[in-house]
Q: 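Encoded as structure tokens, here's the structure I'll be asking about.
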Amino acid sequence: MTIKITLPDGSEKNFEQGVSAMDIARSISEGLARNVLTASVNGEVWDATRPIYADATVQLMTWNDPEGKLGFWHSSAHLMAEALEALYPGIKFGIGPPIEAGFYYDVDTGDRVISSDDFKRIEDKMIELARQKNQYIRSEVSKADAIKYFEQKGDQYKLELLEGLEDGEITFYQQGQFVDLCRGPHISDTGKIKAIKILKVAGAYWRGDENRKQLTRLYGISFPKQKELTEYLTMLEEAKKRDHRKLGSELGLFMFSERVGAGLPIWLPKGTALRNRLMNFLREEQIKRGYQEVITPHIGKKELYVTSGHYAKYGEDSFQPIHTPKEGEEFLLKPMNCPHHCEIFAHRPKSYKDLPVRLAEFGTVYRYEQSGELHGLSRVRGFTQDDAHIFCTQEQVKAEFLNVLDLTKYVLKKMGFNHFTAQISLRDPDNPDKYLGTDENWEIAERAIIEAVAETGMETRTVLGEAAFYGPKLDFMIRDALNRQWQLGTIQVDYNLPRRFALEYTGSDNAAHQPVMIHRAPFGSMERFISILIEHTGGKFPLWLTPDQYALLPMNDDLIAHCEDIQAQLAALDIRGLIDKRTESIGRKIRDTELKKIPLMLIVGEKERRSGLVSVRKQGAGDQGTMSLEGFVQYFGELLNQE
RNA sequence: GCCAGUAUAGCUCAGUUGGCCAGAGCAGCUGAUUUGUAAUCAGCGGGUCGGGGGUUCGAAUCCCUCUACUGGCUCCA
């Protein structure tokens, strides 16, 4: 009997019943068959070797398809498990899925410890097993048999996983000596896995529950070609070179001190200059868009946060209250700015004619983060949000969203981030009770967000159930120069705080109404944003932003005075830079300036002084020739305009 | 907070199984050199080997503990 197979290009072919995707690939070309990893059959991803018994639409998945990679890495996880079982007899297995880049397996090693010293032998064992070209064999098993198998093996984790599975949907996969409970799909055989690297080892709670046993999680990555592994490792090296903690220290942007405290960044002069420039840039844009800037204290009475509800929810996991010595009053370090801003809104009666009120503040907040969470500038205990709260009517939500979206897009583009998407988080339709605010208001807000984003033409992703209990939100996701994805700014609608603070305005009907509150922060926090910006640019900041725009390099000490004269002329034009006054060779001065990633170098020798010229060199691009100072200013202006 | 690891000069790193005053390169300082597009030469100073405790005749090295950092997990208003 023959069945009809439809391929993605629309072509149809007849095959014997029981044909596999691999057979189909082979009928097209041997080369294709070698590259096929998995296959989508009627939209479901299958083993390429699994027989097809009915008419189907089949898409062959190779390394170029995300589904192909996932199958490949999933199979690699099984291969790692097989190697581990061989090296550590009696080891127990949790789960071992593919991830965005590679795979991991959670294992219980009993008394033994696996550390990075063991990676090499695990890799070697995996390669040895891979070379056996063992097939991944799928089999359907009854629940009873599955339980029996893992009881015999003594693997309580697999038994626990089986509890959640229905009889009839349970499949095993076996390759070589290793059998695993697995839904699949897998690649045809281990021989396709040519290059393997174990990357890291970490603790991971069983089923993500911190009250349960912590297993050992081994991360690895694998490729069909050695060359691809080498490229991947090179990319990791590049990321390491751009690490904001390393560059931040090298460029003198910020520091940490054990004595000041973990997670409390200290901004050095150059970092402060950069950060202030960034803030001023946003500040000016906000004023253009109708924001008013405010300043509120770094602490607030505990009652403020009791009112806002934050104390009940986060009080225990916050820095504990500060007490006044005599009165026994309790103050909290402010973990967010919104309660203060609510007080500002409530300060004077508001009319509908006052709305929207947009209050912006570069507000420094302090949050307790668990010690193991801290990470450079991206996860800290004290940071400054580019915060603002918009108080508006329900009808104004969409226009306000558009305003914020426009601002955020403008700001990110200026910063050199050209790939970003919006992630919209909406209510969980199955769980309407956990949300605050009326159905009708949610409806309006959600629709406003969706429509506003649609109008900007941004790429969007909508996730149901990810909204906060107090309102829907939108997060900006950006891709950096190394194609890594980060979450940046956020816009959140809030129905909770206006209610808790009993905020109101008088409408045109002369009745009191509750305003809607929108939280928004285009950068998120200055610290986190700058950490991403450092890694995105590799420390080569845009000209307008960088702490030193040029370095004047005198050929000899007699030219320093002349350089100071040039520096003063440029400073008058808001062009900032430094003079390398060291008695060093010009080669050395150039090299050091290049390494400091200062964008422009002005080399001044006797020749230039006599002719009133400067020799211009661009960081990373070499000699740009000589020009007059006016010529340089113009050149500089052109570079600025290009940004 | 949990698991695993790391901590030697300002930076990057050496320091064999515990054993002479703990080393190098770069940076710094001093002197000479006054330089033409990515490192001029020479000399010098600099470390309570993260803090504390212990084992030992003897500890950078072994053990305990604290702190910080790294990679994850959990968390993230």
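Order of the sequence lines sets the chain letters (A, B, ...), proteins ahead of strands, with each chain counted from 1. As the structure is a prediction and not an experimental result, all values here were calculated from the model.
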Q: At 4.0 Å (heavy atoms only), tell me whether A:Glu250 reaches a base, stays on the sugar-phosphate, or touches nothing.
A: nothing
Q: Hey, is the side chain of A:His375 poking within less than 4.0 Å of OP1 or OP2 on B:rG71, counting only N and O atoms?
A: yes
Q: Which part of the nucleic acid, if any, lies within contact of A:Arg245, taking any heavy atom under 4.0 Å across all strands shown: a base, the sugar-phosphate backbone alone, or nothing?
A: sugar-phosphate
Q: Report yes if the side chains of A:Ile344 and A:Thr296 come closer than 4.5 Å at any heavy-atom pair, otherwise no.
A: yes
Q: Can you tell me if CZ on A:Arg207 sees more than 12 non-hydrogen neighbours from other groups inside 6.0 Å?
A: yes
Q: Take N1-N3 plus N6-O4 or O6-N4 for Watson-Crick, N1-O2 plus O6-N3 for G-U, both under 3.5 Å. Which runs of 3 or more such pairs involve RNA chain B?
A: B:1-7 with B:67-73, B:10-13 with B:23-26, B:28-32 with B:40-44, B:50-54 with B:62-66
Q: Would A:Tyr219 count as stacking on B:rG72 if stacking means ring centres less than 5.5 angstrom apart and planes tilted under 30 degrees?
A: no
Q: Taking only N and O in the side chain of A:Ser585, is any of them less than 4.0 Å away from OP1 or OP2 of B:rU40?
A: yes
Q: Using OP1 and OP2 only, check whether a side-chain N or O of A:Arg582 sits under 4.0 Å from B:rU35.
A: no
Q: Is there a side-chain polar atom (N or O) of A:Arg217 under 4.0 Å from OP1 or OP2 of B:rG71?
A: no
Q: What class does the angle between the rings of A:Tyr495 and A:Trp442 fall in, given that below 30° is parallel, 30 to 60° is tilted and above 60° is perpendicular?
A: tilted
Q: Would you call the rings of A:Tyr366 and A:His298 parallel, tilted or perpendicular if under 30° counts as parallel and over 60° as perpendicular?
A: tilted
Q: Please classify the nucleic acid contact of A:Ser318 as base, sugar-phosphate, or nothing, using heavy-atom distances under 4.0 Å.
A: base
Q: Nearest whole Å is fine: how far is B:rA77 P from A:Glu466 CD?
A: 11 Å
Q: Scan A:Gly587 against the nucleic acid and name what it touches under 4.0 Å (heavy atoms): base, sugar-phosphate only, or nothing.
A: sugar-phosphate
Q: Assign A:Gln624 to base, sugar-phosphate, or nothing according to its heavy-atom contacts below 4.0 angstrom with the strands shown.
A: nothing
Q: Check every strand shown and say whether A:Leu199 touches a base, only sugar-phosphate, or nothing at a heavy-atom separation below 4.0 Å.
A: nothing
Q: For A:Gln487, report the nucleic acid contact type (base, sugar-phosphate, nothing); a contact means any heavy atom under 4.0 Å.
A: nothing
Q: Can you check whether A:Arg367 has a side-chain N or O nearer than 4.0 Å to OP1 or OP2 of B:rA77?
A: no
Q: How is A:Ala202 classified with respect to the nucleic acid when contacts are heavy atoms under 4.0 Å: base, sugar-phosphate, or nothing?
A: base
Q: Picking from B:rA68, B:rU74, B:rA4, which would you name as closest to the side chain of A:Glu258?
A: B:rA68
Q: Contact class for A:Lys200 (heavy atom, under 4.0 Å): base, sugar-phosphate, or nothing?
A: sugar-phosphate
Q: Hey, does the side chain of A:Arg609 come within less than 4.0 Å of B:rG36's phosphate (OP1/OP2), counting only N and O?
A: no
Q: Heavy-atom distance under 4.5 Å between the side chains of A:Phe636 and A:Gln549, does that happen here?
A: yes
Q: List in chain and number order the residues that pass salt bridge (charged side-chain N to carboxylate O under 4.0 Å, His left out) with A:Arg528, two or more places apart in sequence or in another chain; answer none if no residue qualifies.
A: none
Q: Could you tell me whether A:Lys589 contacts a base, only the sugar-phosphate backbone, or nothing, with contacts defined as non-hydrogen atoms closer than 4.0 Å?
A: nothing
Q: Determine the minimum heavy-atom distance between A:Arg427 and A:Glu446, stating which atoms define it.
A: N-OE2, 3.1 Å
Q: Under 4.0 Å, counting only non-hydrogen atoms across every strand here, what does A:Gly376 touch: a base, just sugar-phosphate, or nothing?
A: sugar-phosphate
Q: Please report, rounded to the nearest Å, how far the C1' atom of B:rG71 is from the CG atom of A:Asp243.
A: 12 Å
Q: With a 4.0 Å cut-off on heavy atoms, is A:His519 in touch with a base, just the backbone sugar-phosphate, or nothing at all?
A: nothing
Q: Looking at every strand, decide which applies to A:Ile586 at a 4.0 Å heavy-atom threshold: base, sugar-phosphate, or nothing.
A: sugar-phosphate
Q: Students often get this wrong, so: under 4.0 angstrom with heavy atoms, is A:Gly208 touching a base, only sugar-phosphate, or nothing?
A: sugar-phosphate
Q: Does any part of the side chain of A:Pro599, heavy atoms only, come nearer than 4.5 Å to the side chain of A:Tyr550, both counted from C-beta?
A: no
